[in-house]
Colleague: 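There's a structure below that I have some questions on.
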Amino acid sequence: MAGGKSTAADLGAWVCFEDESGQGLRPPKGRTWGRRGTTPVVKVTGGSNKRVSLAALIAIKPGHRPRLIYRMHRRRGKERRKGFTEADYARFFDAAHQQLAGPLVVVWDNSNTHVSAAMAGLAAARDWLTIFQLPPYAHELNPVELVWSQLKRSLANFAKRNLAQLTALVKTRLRPMQYRPRLLGGFLASTGLDLTPFSNTHH
């Protein structure tokens with residue numbers, strides 16, 4: 001992380017923590033109210049493996065509020081890979097680069113797609129993009145994990161009939177987080193990483 005900070009400082013770049021998740025039609029378990037002695041039942045679409053893949057990044061830069069940017073991916077036709085491909089990540093970073101109007105230093109885990117030769121080639125073709133890997137099995141160092149945790153809690157006990165409804169519901173849960181810099185700052189602080197001066201953001 002120290003290398004990422006110094007590189008970002010030298011480049012005047014945004015430090016971007018990135019992570020992926022997925023959400024299916026079956027809702028996460030959660031608590032709810034019900035009549036005494038009667039277990040509440042939420043009916044779901046059984047046997048469905050339809051899912052929406054999500055990628056998000058929390059971007060920080062001195063003098064700026066934290067930013068949350070996300071993309072959604074629905075499996076198309078007979079695609080073998082359910083999640084994001086290297087090309088999908090490249091498009092995601094292109095959009096973030098345009099939105100943030102500056103170089104990106106991306107910090108993410110060591111999943112196969114992240115460390116593939118294809119991903120390395122796509123990153124090398126973008127002089128504004130630098131990538132660092134987190135240590136193995138260190139999900140607690142990635143603040144985006146807490147975005148997924150909050151999202152899943154907010155979706156508990158909501159039955160979705162189809163992917164369109166699921167997509168709309170996920171957007172209504174993620175969009176408010178984009179306008180809560182203090183919440184994003186809390187996610188960043190929870191990692192225990194020394195992010196100064198990047199954590200000295202305007203709220």
Colleague: Is there side-chain contact between H139 and D109, with at least one heavy-atom pair below 4.5 Å?
Modeller: no
Colleague: Do the non-hydrogen side-chain atoms of V106 and F132 ever get within less than 4.5 Å of each other?
Modeller: no
Colleague: Could you give the distance from CE (M72) to OG1 (T167), rounded to the nearest 0.5 Å?
Modeller: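 Going from the CE atom of M72 to the OG1 atom of T167 covers 4.5 Å.
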Colleague: I'd like to know if the side chain of S149 reaches the main chain of E145, judged simply by a donor and an acceptor atom lying under 3.5 Å from each other, with no hydrogens or angles considered.
Modeller: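 Side chain of S149 to backbone of E145: no pair is present.
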Colleague: I'd like to know if the side chain of D88 reaches the main chain of H73, judged simply by a donor and an acceptor atom lying under 3.5 Å from each other, with no hydrogens or angles considered.
Modeller: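 Flag not set: sc D88 to bb H73 has no pair under 3.5 Å.
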Colleague: How far apart are the closest heavy atoms of Q150 and R180, and which atoms are they?
Modeller: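 Smallest heavy-atom distance, with atoms named: NE2-NH1, 4.1 Å.
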Colleague: Taking the six-membered ring where the residue is Trp, are the ring centres of Y89 and W108 under 6.0 Å apart?
Modeller: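 Ring-ring flag for Y89/W108: true, centres closer than 6.0 Å.
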Colleague: Do the non-hydrogen side-chain atoms of F17 and L193 ever get within less than 4.5 Å of each other?
Modeller: yes
Colleague: Quick one, R173 and L155 - any side-chain contact, counting heavy atoms below 4.5 Å?
Modeller: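 Yes, side chains in contact.
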Colleague: Checking L100 against Q98 for the side chain to side chain contact (heavy atoms under 4.5 Å, CB included) test, could you report, in this order, the C-alpha distance in whole Å, the side-chain angles of both residues, the deciding distance, and whether it holds?
Modeller: CA-CA 6 Å; L100 296 172; Q98 183 174 15; over 6 Å; no
Colleague: For the residue pair W14 and H64, is the inter-centroid distance of their aromatic rings smaller than 6.0 Å?
Modeller: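 Yes, the ring centres sit under 6.0 Å apart.
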Colleague: What heavy-atom pair brings E86 and T113 nearest, and what distance separates the two atoms?
Modeller: CD-CG2, 3.5 Å
Colleague: Answer yes or no: is there a side-chain heavy-atom contact under 4.5 Å between L183 and M177?
Modeller: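 The answer is yes, as the side chains (C-beta and beyond) meet within the 4.5 Å cut-off.
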Colleague: To check you understand the geometry: which heavy-atom pair defines the closest contact between L184 and I58, and what is its length?
Modeller: CD2-CD1, 4.2 Å
Colleague: Would you give the length of the straight line joining atom CG of N142 to atom CZ of F187, rounded to the nearest 0.5 angstrom?
Modeller: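 Spacing of CG (N142) from CZ (F187) equals 12.0 Å.
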Colleague: Are the side chains of S21 and K152 in contact, using a 4.5 Å heavy-atom criterion?
Modeller: yes
Colleague: How many angstroms lie between atom SG of C16 and atom CD1 of I60, to the nearest 0.5 angstrom?
Modeller: 8.5 Å
Colleague: With a 4.5 Å cut-off on side-chain heavy atoms, are I131 and Q133 touching?
Modeller: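 In short, these two side chains touch, coming nearer than 4.5 Å.
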Colleague: The test is side chain to side chain contact (heavy atoms under 4.5 Å, CB included); show your working for V52 and V170 and say whether it passes.
Modeller: CA-CA 9 Å; V52 171; V170 168; 5.7 Å; no
Colleague: Look only at the side chain of K61 and the backbone of G12, and say whether a donor-acceptor pair between them is shorter than 3.5 Å.
Modeller: yes
Colleague: Can we say R91 and D94 salt-bridge, meaning some charged N sits less than 4.0 Å from an Asp/Glu carboxylate O?
Modeller: no
Colleague: Say whether, by atom type as modelled, one donor and one acceptor occur between the side chain of D194 and the main chain of T196 under 3.5 angstrom.
Modeller: yes
Colleague: Please report the closest heavy-atom contact between A13 and L104, naming both atoms and the distance.
Modeller: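 The pair with the smallest heavy-atom distance is CB-N, 4.2 Å.
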Colleague: Can you give me the closest heavy-atom contact between L54 and L151, atom names plus distance?
Modeller: CD1-CD2, 3.7 Å
Colleague: CG/L68 to CZ/R175 distance, rounded to the nearest 0.5 angstrom?
Modeller: 11.5 Å
Colleague: Do side-chain atoms of H97 reach the backbone of G102 as a donor and acceptor pair under 3.5 angstrom?
Modeller: yes
Colleague: Could you tell me which non-hydrogen atom of P181 sits nearest to which non-hydrogen atom of R65, and how far apart they are?
Modeller: CB-CB, 4.1 Å
Colleague: Take V105 and L129 through the side chain to side chain contact (heavy atoms under 4.5 Å, CB included) test and state the conclusion after the steps.
Modeller: CA-CA 6 Å; V105 173; L129 177 61; over 6 Å; no
Colleague: Examine L141 and V115 and state if one hydrophobic cluster contains both, with Ile, Leu, Val, Met, Phe, Trp and Tyr joined whenever side-chain heavy atoms are less than 4.5 Å apart.
Modeller: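 L141 and V115: separate clusters.
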Colleague: Within the structure provided, determine whether L57 and F92 are in side-chain contact (heavy-atom separation under 4.5 Å).
Modeller: yes
Colleague: Quick one: pull up OG in S111 and CD in E20 and give me the separation to the nearest 0.5 Å.
Modeller: 5.5 Å
